[in-house]
Amino acid sequence: MPADPATDAALSIDARLRDAIAARASAAAGLEVDPATVALTLPKQAGHGDQATNIAMVLAKRAGKNPRELATQITEGLAEDLGDRLAKIEVAGPGFINLTFGDPLLREALAAVAGAGRAWGGGTAALTERVNVEFVSANPTGPMHIGHARNAAYGDATARLMAFHGHEVEREYYVNDFGSQVKNLGVSISARARGEEVPEGGYQGEYVTELAESIPGAAEQSVEELSALGVEAMLERARRTLDRFGVHFDRFFSERSLHEPAADGGPSALDRALEIVKGNGELIERDGAWWLQTEKRGDDKDRVVIRATGEPTYYASDLAYMRDKHDRGYDRQLLVLGADHHGYIGRMRAAFEAFGGDPEHLELLIMQLVNLVANGEPVKMSKRAGQFVTLDDLVDFVGVDAARWYLLQRSHDTAVELDVELARKESSENPVYYVQYAHARCCSVLDRVSSSARALADGLATDPAVLLGLAAPIEDAERALILRLGEFPTEVAVAADRRAPHRIATYALELSQTFTAFYRDCKIAGAEGDGVEAWRAALTLATRDTLATALELLGVSAPERMERRDEEPAAEAA
RNA sequence: GCGCCCGUAGCUCAGUGGAUAGAGCGCCUGCCUCCGGAGCAGGAAGUCGCAAGUUCGAAUCUUGCCGGGCGCGCCA
């Protein structure tokens, strides 16, 4: 996929700097320097410039030179090469080179962002991969709980992120519509339909009674029929819940279908997969059962695929399912699994390799737990007793935007605590509203900008060069905002590569803060000075689009105006 | 016992080799004749679990220990 040209232009600012630095560093150190290896970072410390590189320190040892001395030589060369694009360049600390951009370079940077619009930050993947992301895959035997909520939010946001970065992504839900749990659901519905207690080990939840009531003549139906109808109903319910949560799958893949004969009447996908691993010498018979020899591939022990009874295990389905996805030609399979599945990594990898898959192309992403807290007390969740905090409950309670934000703002591999009371009570002050507010503020300010300035700013999408002619000096808050916007493509790339959508949430918050500081320090609508209003409108426009993109990657809405919320009624006198 | 994840401010958590470790919430002090105060400015608050090691440089990499979560079925 070709990257957007405007994004290219901005990256080329970065690339041009790298090239220049690499050339001078190479000459000074007497070593080959690949521009791609030049680290350019935005220093967090004010006074350390707009970009910094540690190249002199990295090369010092190999070059046999003092880092500061090396840095000084590189600096002198760069100052000569880059002219007024640099306002300042200096050696600092142990050998950092700090660069401060000149106004011409800052204008080029903003022109690139503004020109790209909603495409800014995307499409920079070096090569496009076909990626299958399997997530949620909750058993259709019960409502989706808070753990599924985190899995859903994460899988979906990761898919959005990778697609935006430049990959072809498909979302897939594996439906466990086969086996003893499904039968168990049928048994439980049947019991409720006949007004009896659910047998030991059955599903106790209220929803089972609801299912029984919703199925006409349930008391007379067979367990098999009730199982099928129950699964169908639960799946439909899951679809509606996910839809409401902003998560849409490309495919619901039935486990049962793996067990059915092929379209041509040939063996099932499961049988074919087993034949393949058997042919590869991966199966062994022992104690009357068939085992996949996973231990030799790093698993704790071998795993049964066909029980002594002749029944395939759940693991056999997993094997066939991975094989099916593999045959569909994806470059990469991502599986988003719950915390309680981390013990499966070994056997899943082993299975993938057993049929000839390249382990590099399988990624198992483990979600850590969400601990729900209400009023400072942990919320107990018992599937047995049928007590859930469901995904629907969460959305009802705090709304889709806050729910997704809270579930996505932290790394997937750290356990998080979510205080639902707090999330709702503080909803007017929590970070997601702050970011949305910044977006709404961009929109509302742009409405107040003069039509001529607005026209100039809007024209940038087609002609970014307009900005370059503006002469007014760039102020600190404007500089900070441009640099922040300029980070977005790198942030997207890192977040996508690390499957870390929470970085986008962090970035969105930082961008919002930077914009708010700009808004405070620089008057936008009606600003004095030649072209200043248009220039600031362009900055606002670029911020609005980048915030909207960031929020969209998280699946959080970007409203053009926030509803004026009435003050909470003062603690009622009761 | 073995395996995976985590230990950073009062709380919830960012930060996967760089400079004086950050944010949100909470707390304290200020700011509404000014583009939306759902806001802004400032402040208090940290032995980055502990100890060694690697390096010019470690919250970050290695090892050991301590503490917490989760998992170790011919269940799904």
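Here is how names work: the chains are called A, B, and so on, in the same order as the sequence lines, proteins then strands, and each is numbered from 1.
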Are the side chain of N139(A) and the backbone of T141(A) linked by a donor-acceptor contact shorter than 3.5 Å?
no
Y315(A) near the nucleic acid: base, sugar-phosphate alone, or nothing, with a heavy-atom cut-off under 4.0 Å?
nothing
Quick one: does any side-chain atom of N184(A) pair with a main-chain N or O of G201(A) as donor and acceptor, under 3.5 Å?
yes
Using the P atoms only, state how far rG36(B) lies from rG46(B), rounded to an integer number of Å.
40 Å
Would the base of rG36(B) count as contacting S444(A) through its side chain, where contact means a donor and an acceptor less than 3.5 Å apart?
yes
Rounding to an integer number of angstrom, what distance separates rC25(B) and rA9(B) when you compare their C1' atoms?
12 Å
Considering every strand shown, what is the Watson-Crick or G-U wobble mate of rG24(B) when both distances are under 3.5 Å?
rC11(B)
For the backbone of V182(A) and the side chain of S227(A), can you confirm whether one donor and one acceptor N or O come within less than 3.5 Å of each other?
yes
Do H48(A) and F96(A) have ring centres separated by under 6.0 Å?
no
Using Watson-Crick or G-U wobble geometry with both distances under 3.5 Å, which nucleotide pairs with rG1(B)?
rC72(B)
Might you list the N or O atoms of the protein lying below 3.5 Å from N or O atoms in nucleotides 4-11 of chain B, with each pair's distance?
from: rC5(B); atom 1: O2'; to: D413(A); atom 2: O; distance (Å): 2.6

Both conditions, 6.0 Å and 45 degrees, for the charged tip of R441(A) above the ring of F515(A): are they met here?
no
Honestly, is K278(A) close enough over W290(A), meaning NZ or CZ under 6.0 Å from the six-membered ring centre and within 45° of the axis?
yes
Span that lies between the C1' atom of rC35(B) and that of rG26(B), in whole angstrom
32 Å
Between rG71(B) and R347(A), is there an OP1 or OP2 to side-chain N/O distance shorter than 4.0 Å?
no
Hey, which of these two, R286(A) or N54(A), hits RNA chain B nearer its 5' end, going by closest nucleotide?
N54(A)
Does a sphere of radius 6.0 Å around CD in E232(A) hold more than 12 heavy atoms from other residues, nucleotides or ligands, not counting ones at 6.0 Å or beyond?
no
Can you tell me, in whole Å, how much space there is between the P of rA14(B) and that of rG7(B)?
8 Å
Without swapping roles, check the side chain of R256(A) against the backbone of D177(A) for a donor-acceptor pair under 3.5 Å.
yes
Could I get the full list of side chain to side chain donor-acceptor pair (under 3.5 Å) partners for Y507(A), not counting sequence neighbours?
none
Side-chain atoms of V58(A) come closest, of rC74(B), rG39(B), rG18(B), to rG18(B)
Can you tell me, in whole Å, how much space there is between the P of rA58(B) and that of rG49(B)?
15 Å
So, is R307(A) near the phosphate of rC75(B), with a side-chain N or O under 4.0 Å from OP1 or OP2?
yes
Identify whether any heavy atom of Y406(A) sits under 4.0 Å from a base atom; if not, whether one sits that close to sugar-phosphate; answer base, sugar-phosphate or nothing.
nothing
On the nucleotide rG15(B), are OP1 or OP2 found under 4.0 Å from the side-chain N or O atoms that H502(A) carries?
yes
Quick one: label R503(A) by what it contacts on the DNA or RNA (base, sugar-phosphate, nothing), any heavy atom closer than 4.0 Å.
sugar-phosphate
Does atom CD of E528(A) have more than 12 heavy-atom neighbours from other groups under 6.0 Å away?
no
By the Watson-Crick or G-U definition, both distances under 3.5 Å, rA44(B) is matched with none
Under 4.0 Å from OP1 or OP2 of rC72(B): is there any side-chain N or O of K301(A) that close?
no
Return no unless some side-chain N or O of R520(A) is found under 4.0 Å from OP1 or OP2 of rC34(B).
no
Taking any heavy-atom pair under 4.0 Å as a contact, classify A308(A): base, sugar-phosphate, or nothing.
base
What's S411(A) touching, base or sugar-phosphate or nothing? Going by heavy atoms closer than 4.0 Å.
sugar-phosphate
Check the phosphate of rG37(B) against R441(A), side-chain N and O only, distance under 4.0 Å to OP1 or OP2. Yes or no?
yes
On a whole-Å scale, what distance lies between the C1' atoms belonging to rC4(B) and rG57(B)?
31 Å
Using purine N1 to pyrimidine N3 plus N6-O4 or O6-N4 for Watson-Crick, or N1-O2 and O6-N3 for G-U wobble, each under 3.5 Å, what pairs with rA51(B)?
rU63(B)
Which is true for V449(A) with a 4.0 Å heavy-atom rule: it touches a base, it touches only sugar-phosphate, or it touches nothing?
nothing
Taking the same atom, P, in rA23(B) and in rG43(B), what whole-Å distance lies between them?
11 Å
Spell out protein contact along nucleotides 19-31 of chain B as letters: B when the base is contacted, S when just the sugar-phosphate is, - when no protein heavy atom is under 4.0 Å; keep the 5' to 3' order.
BB--SSSS-----
Hey, is the side chain of Y434(A) poking within less than 4.0 Å of OP1 or OP2 on rC40(B), counting only N and O atoms?
yes
Span that lies between the C1' atom of rG24(B) and that of rU20(B), in whole angstrom:
22 Å
Nearest-nucleotide 5' precedence on RNA chain B, T313(A) against R448(A):
R448(A)
Tell me what D419(A) touches on the nucleic acid: a base, only sugar-phosphate, or nothing, going by heavy atoms under 4.0 Å.
nothing
Can you tell me how the ring of Y154(A) sits relative to the ring of H412(A), calling it parallel under 30°, perpendicular over 60° and tilted otherwise?
tilted
Which of parallel (below 30°), tilted (30 to 60°) and perpendicular (above 60°) describes F253(A) and Y321(A)?
tilted
With a non-hydrogen cut-off below 4.0 angstrom, is C522(A) in contact with a base, only sugar-phosphate, or nothing?
base
With the 90 degree cut-off around zero defining syn, does rC32(B) come out syn or anti?
syn
Under 5.5 Å between ring centres and under 30° between planes: does that hold for Y519(A) against the base of rC35(B)?
yes
NA contact type, Y433(A), heavy-atom cut-off 4.0 Å: base, sugar-phosphate, or nothing?
nothing
